[in-house]
Novice: 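Got a structure for you, written out below as C-alpha cells; questions coming shortly.
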2 protein chains.
Amino acid sequence: MTPFDNSSSPTPPDLADAKAQFIHLWGVSGTSWGVSKTLAQVHALLLVSPQALSTEDMMAQLTISRGNASMTVRELLDWGLIYKELRPGERREFFVAEKDMLQVTRCIIRARKRRELDQMKRTLDQLAELPGDPANAEYQAFHTVLSDIQQLAAVSDKLLTKLMQAERNWFWDKFLKLFL
Amino acid sequence: MTPFDNSSSPTPPDLADAKAQFIHLWGVSGTSWGVSKTLAQVHALLLVSPQALSTEDMMAQLTISRGNASMTVRELLDWGLIYKELRPGERREFFVAEKDMLQVTRCIIRARKRRELDQMKRTLDQLAELPGDPANAEYQAFHTVLSDIQQLAAVSDKLLTKLMQAERNWFWDKFLKLFL
DNA sequence: CACAGATTTCAATAATTATTGAAATCTGTG
DNA sequence: CACAGATTTCAATAATTATTGAAATCTGTG
C-alpha cells in the first residue's frame, strides 16, 4: 500500500500490517454496531491513511466494487465522518476522515440516535394517545408500561443530546471526574 | 386474545388493538437495535401481558414456530428480561417479563455492551501492543488514532457500567438534575 | 424404566441485507 | 455541445441472518 509516496519515509511492513488488522477489526465491530462491513472498513481505511484517498484507492485496497465504494462514501459523507477533498487540476474526488475522535463520536451518536431512538419515540407518542377506560386494571398496566418506556426514551434522548454537545474539557473534567 | 380468563374484566377490543400495535412497534424497533424481530415481539408480548404465558400462547399470538419460540425464550432468559414461572401440577413452563423498566434498561445495556464494546476493547488492546518506530510520523499518527479510540472505549465502558449500577433515585436526581 | 407431554436441536429453507457491475448520468473542458 | 473521465443508479446476484419443523432429547410420574 502507498509505496514511495511520501518524502519522509515509506510505510514499514509492520505498520501496514497493523493497519490492515485495524481495518479488519473495525469491519467486524461495524457489523455488531449495525452498519455494513464495507462502511466500517472504508472509514477505518481513511482513519489510518495519512493522505486523502480516491475511490479507486479504496476499491484497490479493500477489493470492493466501484458501486459499493461510491455508495459507501456517500453514506460516510452523510454521517459527517469523512470530507471531500478537491485537488486543483484533478477531476477525481479525494476523501479524508475526520480524525478528531470526539467529533467522530458525535457523528456516530447522532446517526444512531436518529436511527434507533427518534423513530421509536414518534411511534410511541402516537400509541400513548390511545383512549381507554382508566378504571380497567389491564388498561392501567399497559399505560404504565408505555409511559415508563416514554420516560426512558426521553432520558436517553437528553443524555445523548448532552453528550453530543459536550466540549472537550467538559467531557473529560465534569463528566469523568465528578460523574464517575 | 386471552378471552374470559380474568375475573375482573375481559380485554376490551381497543386495548387488544393497542397492544398489537405496541408489539409491532417493538418488533420494528428491535430490528434497528440489532435484535431479531421475533425476540423483540416476544418481549413486547410478555411486557403487556397481565398473566404469564406459555410457549404455546406465544406461538399462537405471534404465529411463530415452536423452535423459534423456544430459542427466543431461552435468549430472553439469558438477557434477564423474562423469568420462568412454574405452576404446581402443570408440566408446561410459563414466562413473565421483568416489568421494571429501570431493570429492563440495565439488562439491555449489559447485553449490548457485551456485544458491541467488550469484544472491541479486547481486540483493540491487542492491536495497541504493536511495536513500531516512534520516530516515524506515520506510526505516531496511527498510534494516536488507536489510543484515542481506546480512551473513548474506556469512557463509554465506565459510563455504561455506571448507568447499570444506578439506583432509581440516583438515576433521576443526580443524573437528570445535576447533569443535564 | 416406559410413557406422555413437554422442550431443544439443527439441517433445510425463507427472508433480509449487502454487493456487484454494467448502463446511465453527471461534469468540466476544448 | 461533444468528448473523456469521472460518479451514480439499480436490477441481478451473493452473502448473511432468521425461521421452520421434524427428529432427538429431556423430565416427571406411574
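Naming: A, B, ... by sequence-line order, numbering from 1 per chain. Any value given below was found using the heavy atoms of this structure, including those in side chains, with hydrogens, waters and symmetry copies removed.
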Novice: Looking only at side-chain N and O atoms, does A/Ser65 offer a donor or acceptor that is under 3.5 Å from a partner on A/Asn68?
Specialist: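 A/Ser65 and A/Asn68 do not have a side-chain donor-acceptor pair below 3.5 Å.
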Novice: Tell me: CZ of B/Arg92 to C1' of D/dG28, nearest whole Å?
Specialist: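 Between C1' of D/dG28 and CZ of B/Arg92: 16 Å.
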Novice: CE of B/Met71 versus C1' of D/dG21: gap in Å, rounded?
Specialist: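 Going from CE in B/Met71 over to C1' in D/dG21 covers 11 Å.
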Novice: Need one value for A/Thr55: base, sugar-phosphate or nothing, where a base atom within 4.0 Å counts as base even if backbone is also close, heavy atoms only.
Specialist: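 The answer is sugar-phosphate, as A/Thr55 gets under 4.0 Å only of primed atoms, P, OP1 or OP2.
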Novice: Round to a whole Å and report the spacing from CG of A/Leu62 to P of C/dA18.
Specialist: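 For the pair A/Leu62 CG and C/dA18 P, the rounded distance is 17 Å.
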Novice: Before accepting this row, confirm whether a basic side-chain N of the pair A/Arg66/A/Glu56 lies closer than 4.0 Å to the acidic partner's carboxylate O.
Specialist: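 Result for this pair is yes, salt bridge flagged.
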Novice: If you compare every side-chain N and O of B/Ser36 against the phosphate oxygens of D/dT19 (OP1, OP2), does one of them come in below 4.0 Å?
Specialist: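 So the side-chain polar atoms of B/Ser36 do come within 4.0 Å of the phosphate oxygens OP1 or OP2 of D/dT19, strictly under.
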Novice: Once you round it to whole Å, what is the distance between P of C/dG21 and CG of A/Asn68?
Specialist: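 Interatomic distance, CG of A/Asn68 to P of C/dG21: 11 Å.
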Novice: OP1 or OP2 of D/dG21 versus the side-chain N and O atoms of B/Ser65: is any pair under 4.0 Å?
Specialist: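 It does not, given that no N or O in the side chain of B/Ser65 lies less than 4.0 Å from OP1 or OP2 of D/dG21.
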Novice: Mapping A/Val73 and A/Thr31 onto DNA chain D by nearest heavy atom, which one lands closer to the 5' end?
Specialist: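 Going by which nucleotide is closer to the 5' end, it is A/Val73.
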Novice: Please determine, for D/dA2, whether a Watson-Crick or G-U wobble partner exists with both distances under 3.5 Å, and give it or none.
Specialist: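 Paired with C/dT29.
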Novice: Can you find a side chain N or O atom of B/Ser70 that sits less than 4.0 Å from OP1 or OP2 on C/dT7?
Specialist: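 Answer no for this pair, as no side-chain N or O of B/Ser70 is under 4.0 Å from OP1 or OP2.
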Novice: Looking only at the side chain of A/Thr38 (C-beta and beyond, no hydrogens), which of the listed nucleotides C/dT19, D/dG21, D/dA18 gets closest?
Specialist: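 Minimum distance to the A/Thr38 side chain belongs to C/dT19.
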Novice: Hey, which of B/Thr72, B/Val104, B/Ile23 is the one that makes side-chain contact (heavy atoms from CB on, under 4.5 Å) with B/His43?
Specialist: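 It is B/Val104, the one option of B/Thr72, B/Val104, B/Ile23 that forms the side-chain contact (heavy atoms from CB on, under 4.5 Å) with B/His43.
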Novice: To the nearest Å, how far apart are B/Lys84 NZ and D/dT27 P?
Specialist: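 Those two atoms, NZ and P, are 9 Å apart.
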Novice: Considering only side-chain heavy atoms of A/Arg91, which listed nucleotide, C/dC10, C/dA18, C/dG28, is closest?
Specialist: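 So the nucleotide nearest the side chain must be C/dG28.
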Novice: Are the side chains of A/Thr105 and A/Leu163 in contact, using a 4.5 Å heavy-atom criterion?
Specialist: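 In short, these two side chains do not touch, never coming nearer than 4.5 Å.
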Novice: Do the side-chain N and O atoms of B/Gln119 and B/Thr123 include a donor-acceptor pair separated by under 3.5 angstrom?
Specialist: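 B/Gln119 vs B/Thr123: donor-acceptor pair found between side chains.
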Novice: Can you check the B/Arg66 CZ to C/dT7 C1' distance for me, whole Å?
Specialist: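 Rounding to the nearest Å, CZ of B/Arg66 and C1' of C/dT7 are 8 Å apart.
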Novice: Over how many whole Å does the gap from A/Met59 atom CE to C/dG21 atom C1' extend?
Specialist: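 Those two atoms, CE and C1', are 10 Å apart.
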Novice: Would you mind reading off the distance between B/Lys37 atom NZ and D/dT19 atom P, rounded to a whole angstrom?
Specialist: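 Distance, rounded to whole Å: 7 Å.
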Novice: Return the pairing partner of D/dA24 with a 3.5 Å limit on both distances, Watson-Crick or G-U wobble; otherwise return none.
Specialist: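 Pairing partner: C/dT7.
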Novice: Taking a pair as Watson-Crick or G-U wobble with both distances under 3.5 Å, which nucleotide is matched to D/dA18?
Specialist: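 Its partner is C/dT13.
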